[in-house]
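Shown next, in structure tokens, is the structure this report addresses.
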Amino acid sequence: MAETSPARHLLIPFAGRGSPACRAATPGLQLPKLEALLARLAPAGTDAQDDSTFSPPHERALAAALGLAAPDGCIPWAAREARALGLPGSEGDTAWAWLDLCHWQVDLRDVVLGEPAQTQLSAAESQSLRDAAQPLFEEDGIRLHGGALPGRWLASGELFRGLPTASLDRAIGNSISQWSPITDAGRPLRRLQNEIQMLLYTERVNDDRTARGLPPINSFWLSGTGALPAAMQPEGAAPTVVDLLRTPALHDDGAGWAAAWAAVDAGPVAELLADCERGADVVLTLCGDLDAQRFAGGPRGLSGWVKRLFNRPRAATVLETL
């Protein structure tokens with residue numbers, strides 16, 4: 001018997017956004033390919049959470065597709081990357097975390113997390129800072145490793161086991177205190193973070209960056225914490241994740257978000273629609289600030305034709321519910 005090909009799964013983070021400019025742009029979105037696709041599919045599940053969850057809907061949806069079951073804020077993304085890179089200890093039950101070097105924007109009222117990608121940190125700068133920081137981390141039993149991205153370190157240590165942390169996609173542009181609560185488990189890391197901040201203040205790398213007009217690296221953000229036991233092998237097929245909406249959504253750029261949606265509609269969504277029209281099994285997951293909605297194969301034949309003719313949903317209406 002021939003094996004059935006897995007359904008092609010498209011996952012779109014930030015498909016809906018509740019920030020003011022993106023919310024205002026939503027009713028005017030013209031997404032004909034998405035509307036045609038939704039007319040062919042049927043709702044297949046919703047994951048609705050509140051606005052206090054550390055793991056945003058798109059990360060929960062991706063974890064579910066990969067077969068990674070974990071509590072909120074403990075999806076072991078760093079351990080998964082460490083295993084993929086073959087780092088020492090990654091095949092066992094070691095706990096890992098992502099440490100993203102970043103610039104905390106300080107004013108008289110609050111401290112806000114800036115977008116780490118906008119620091120333009122080079123691989124050489126990241127390596128220099130890691131070499132300087134390693135002794136402080138080793139005092140707490142933490143080992144630092146380079147990751148796939150400059151400015152993102154992979155850290156291994158028992159402090160990260162069972163420690164919930166907020167995703168960067170939750171925290172960027174928001175108050176540090178909102179997403180980095182002080183708990184008994186997190187106090188050693190908060191102390192370490194204070195020590196690293198003092199170290200970074202004296203680093204030559206930051207003097208050079210300031211001279212070039214770049215923001216200094218003054219802290220790090222911890223996320224992706226948890227362990228991936230050796231016996232746990234993710235079973236799900238990885239969906240195609242569309243990241244075009246992320247940057248304008250995080251910066252509440254309504255015009256940029258709408259333009260990105262037009263590109264997504266004409267590109268990945270149009271491709272998935274074409275697959276669907278050819279009779280392939282397809283899955284679409286739309287993620288917003290609070291909800292992830294999954295759509296899969298709907299009725300075919302005459303009933304499907306009637307549904308597409310008389311029950312064609314407006315894309316904007318669907319996105320407003322996310």
Side-chain angles (χ1 to χ4, degrees), residues 77-78 81-82 85 87-88 96-157 159-160 163 165-182 186-225 243 246-253 256:
W77 297 123
E81 181 182 345
L85 294 174
L87 296 181
W96 294 79
W98 278 332
L99 273 71
D100 283 277
L101 299 178
C102 56
H103 175 71
W104 286 10
Q105 302 163 2
V106 182
D107 60 28
L108 295 177
R109 296 173 298 174
D110 212 343
V111 180
V112 174
L113 178 63
E115 164 69 89
Q118 292 187 334
T119 62
Q120 302 177 43
L121 192 71
S122 70
E125 289 174 325
S126 179
Q127 178 67 54
S128 177
L129 293 175
R130 182 158 62 91
D131 290 343
Q134 180 67 73
L136 287 176
F137 280 92
E138 287 180 345
E139 291 177 6
D140 286 286
I142 297 171
R143 182 66 186 171
L144 298 179
H145 307 263
L149 300 174
R152 168 170 285 181
W153 301 338
L154 284 159
S156 58
L159 283 173
F160 307 129
L163 177 68
T165 51
S167 165
L168 271 175
D169 287 350
R170 281 295 200 212
I172 287 172
N174 292 308
S175 169
I176 295 296
S177 60
Q178 178 183 358
W179 293 109
S180 184
I182 299 177
R187 282 198 177 96
L189 290 165
R190 181 59 59 84
R191 173 189 52 76
L192 178 59
Q193 192 166 50
N194 290 337
E195 293 175 353
I196 292 299
Q197 287 172 337
M198 290 187 286
L199 172 69
L200 291 172
Y201 182 76
T202 64
E203 279 299 302
R204 173 70 179 272
V205 166
N206 274 327
D207 292 338
D208 294 342
R209 289 177 58 82
T210 301
R212 302 199 311 271
L214 295 173
I217 304 301
N218 56 14
S219 193
F220 64 82
W221 189 258
L222 186 72
S223 65
T225 44
D243 284 331
R246 180 180 183 270
T247 297
L250 289 176
H251 294 88
D252 196 25
D253 175 5

Next item on the list: Verify whether one side chain among W98 and E81 offers a donor that lies under 3.5 Å from an acceptor in the other.
Entry: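 Indeed, the side chains of W98 and E81 share at least one donor-acceptor pair under 3.5 Å.
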
Notebook entry, point to check: Strictly by modelled atom types, are S167 and W179 linked by a side-chain donor-acceptor pair under 3.5 Å?
Noted result: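 Distance-only check fails for S167 and W179.
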
Looking only at heavy atoms, which two atoms of [X] and [Y] are closest? And how far apart?
X	Y	result
I217	L200	O-CB, 3.4 Å
A148	L85	N-CD1, 4.2 Å
L222	A97	CD1-CB, 3.5 Å
I172	G114	CG1-O, 4.4 Å
A78	L154	O-CD2, 3.5 Å
L121	S126	CD2-CB, 3.9 Å

Working to the nearest 0.5 Å, report the span between [atom1] of [X] and [atom2] of [Y].
X	Y	atom1	atom2	answer
Q178	D110	CD	CG	9.0 Å
R170	T165	CZ	OG1	13.0 Å
L189	I196	CG	CD1	11.0 Å
S219	N194	OG	CG	8.0 Å
R152	H145	CZ	NE2	15.5 Å
D207	Y201	CG	OH	9.0 Å

Next item on the list: Using side chain to side chain donor-acceptor pair (under 3.5 Å) as the criterion, point out the one residue from N206, T202, D208 that pairs with R204.
Entry: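 Going through the options one by one, the only one that passes is D208.
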
Check: By side-chain contact (heavy atoms from CB on, under 4.5 Å), which residues pair with A82, not counting sequence neighbours?
Finding: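 If we apply the side-chain contact (heavy atoms from CB on, under 4.5 Å) test to A82, skipping adjacent residues, the hits are L87, S90, W96.
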
Check: Do the rings of F220 and F137 sit parallel, tilted or perpendicular, given the 30° and 60° boundaries?
Finding: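 It falls in the tilted class, 30° to 60°.
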
Notebook entry, point to check: With the threshold set at 4.0 Å, does a side-chain nitrogen-carboxylate oxygen contact exist between R209 and E203?
Noted result: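 So R209 does not pair with E203 through a salt bridge.
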
Check: What do the steps show when you test Q120 against R212 for side-chain contact (heavy atoms from CB on, under 4.5 Å), and what is the final call?
Finding: CA-CA 11 Å; Q120 302 177 43; R212 302 199 311 271; over 6 Å; no

Next item on the list: Please confirm whether the backbone N or O of V205 pairs with a side-chain atom of E125, one donor and one acceptor, at under 3.5 Å?
Entry: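 Looks like no, no N/O pair under 3.5 Å.
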
Using side-chain heavy atoms (C-beta onward) and a distance below 4.5 Å, is [X] in contact with [Y]?
X	Y	result
L199	E195	no
L192	I142	yes
W104	L113	yes

Checklist line | salt bridge (Lys or Arg N to Asp or Glu O under 4.0 Å) evaluation trace for E139 with R191 | finding: CA-CA 12 Å; E139 291 177 6; R191 173 189 52 76; 5.5 Å; no

Checklist line | Residue pair L168, D100: steps toward the side-chain contact (heavy atoms from CB on, under 4.5 Å) verdict | finding: CA-CA 9 Å; L168 271 175; D100 283 277; 3.4 Å; yes

